[in-house]
Amino acid sequence: MRRKVIAGNWKMNMLPNEAIEFVQKLEPLVKDTKNEVILCVPYTDLFYTLNMAQGTNIKIGAQNMHYESKGAFTGEVSAEMLKCIGVEYVIIGHSERRAYFAETDETVNKKLKSALKNELKPIVCVGESLEQREKGETKDIITNQTRLALEGLSPEEVEKVIIAYEPIWAIGTGKTATANDAEESIHAIREEISKIYGQDTSDRVIIQYGGSVKSSNSQELFSMPDIDGGLVGGASLDANEFAKIVNFEN
Ligand code: PEP
């Protein structure tokens with residue numbers, strides 16, 4: 001049985017004092033969940049949230065990393081740097097990074113390999129644009145992105161990767177994919193993994209849904225057979241709302 005993994009993506013929000021208060025508020029609200037709880041925070045909040053989350057069931061992740069381990073890459077942060085301060089997760093290939101920061105399937109693949117080499121758990125984002133959906137290309141786009149992201153990994157490594165299916169048209173727009181549409185896309189991703197890496201591996205990979213997840217739709221989405229939780233943007237900035245999403249079964 002796969003676990004449910006609920007990850008917040010704060011994007012470029014939350015000053016350290018706000019981040020500290022958030023973790024203090026969230027901790028008692030999610031302490032009894034059996035679901036995995038992750039907060040992916042800006043680099044400047046990592047140290048503070050890692051300290052606050054110590055001894056709790058809240059895990060901390062970053063939102064990006066560079067694929068090289070060190071060197072002349074001004075402004076960048078490596079997997080090794082994240083790992084050595086205690087970060088556990090890292091988002092790779094978010095659609096905002098693909099759109100605004102020239103992230104490609106090739107850099108996503110390199111980052112994924114570097115994250116795994118440094119024992120970070122990657123959350124890799126895939127998803128189609130509205131135009132691609134309207135042209136009927138959704139399945140091709142997301143299975144291609146998945147294949148290229150995972151290229152060169154062993155089945156054992158693939159099992160350590162979390163995939164977040166995030167239709168671009170649903171991110172930050174208030175428009176959510178229907179539970180059936182999300183399930184269909186995530187099932188297609190699982191089938192693609194099965195074709196390349198085998199059924200056992202595919203059955204073990206965590207695949208989340210992301211795109212305007214809120215407490216009012218999380219239960220329906222996360223109850224679908226192939227959907228193993230969510231990557232949550234806007235709604236993860238409010239501790240009460242995020243806790244309701246984490247505790248979606250209640
Ligand atoms: C995201 O940033 O990954 C996301 C899904 O955002 P939102 O929940 O705000 O749509």
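Predicted, not measured: the structure shown is a model, and the values here were computed from it. First listed ligand is number 1; within each ligand, the first listed atom is number 1.
Checked for salt-bridge contact, Arg190 and Asp203 miss the test: no charged N lies under 4.0 Å from a carboxylate O. By the 4.0 Å N-to-carboxylate-O rule, Glu103 lies close enough to Arg97 to be salt-bridged with it. Using a 4.0 Å cut-off between charged side-chain N and carboxylate O, Lys113 and Glu157 make no salt bridge. Between Glu80 and Lys83, none of the side-chain N atoms (NZ, or NE/NH1/NH2) sits under 4.0 Å from a carboxylate O, so this pair counts as no salt bridge.
Close approach to Gly234 involves these atoms of ligand 1, each under 4.0 Å from a residue heavy atom: 7 (P), 8 (O), 9 (O). Proximity to Ala170 (heavy-atom distance under 4.0 Å) selects the following atoms of ligand 1: 10 (O). Here is the list of ligand 1 atoms found below 4.0 Å of a heavy atom in Ser212: 7 (P), 8 (O), 10 (O). Interface of Glu166 with ligand 1, defined as ligand atoms under 4.0 Å from a residue heavy atom, comprises 1 (C), 3 (O), 4 (C), 5 (C). In the vicinity of Gly211, heavy-atom distances shorter than 4.0 Å reach the ligand 1 atoms 5 (C), 10 (O). Heavy-atom proximity to Asn9, at under 4.0 Å, picks out these atoms of ligand 1: 1 (C), 2 (O), 3 (O). Atoms of ligand 1 found under 4.0 Å from any heavy atom of Leu231 (numbered from 1 in listed order, with element): 3 (O), 5 (C).
Although no hydrogens or angles enter the test, the distance criterion places a donor-acceptor pair under 3.5 Å between the side chain of Gln132 and the main chain of Ser129. In this structure, Ser78 contributes its side chain and Ser69 its backbone to a donor-acceptor pair below 3.5 Å.
Among Pro167, Ser216, Ser212, the one residue that satisfies the side chain to side chain contact (heavy atoms under 4.5 Å, CB included) test with Thr176 is Ser212. Between Asn64 and the options His94, Glu96, Lys111, a side chain to side chain donor-acceptor pair (under 3.5 Å) holds for only Lys111.
Between Ala235 and ligand 1, no pair of N/O atoms sits closer than 3.5 Å. Considering backbone and side-chain atoms alike, Thr173 places every N or O at 3.5 Å or more from each N or O of ligand 1. Residue-to-ligand polar distances keep Ile171 apart from ligand 1: every N/O pair is separated by 3.5 Å or more. Here's the thing with Glu96: none of its N/O atoms is less than 3.5 angstrom from an N/O atom of ligand 1. The shortest N/O to N/O separation between Gly172 and ligand 1 falls below 3.5 Å.
Among all protein heavy atoms, the one lying closest to atom 8 (O) of ligand 1 is Gly233 N, 2.8 Å. Here the protein heavy atom with the shortest distance to atom 1 (C) of ligand 1 is His94 NE2, 3.2 Å.
A donor-acceptor contact closer than 3.5 angstrom is absent between the side chains of Thr146 and Glu192. In this structure, a donor-acceptor pair under 3.5 Å is present between the side chains of Glu128 and Trp169.
Which of Lys175, Lys214, Gln63, Lys11 comes nearest to atom 2 (O) of ligand 1 through a heavy atom is settled by distance: it is Lys11.
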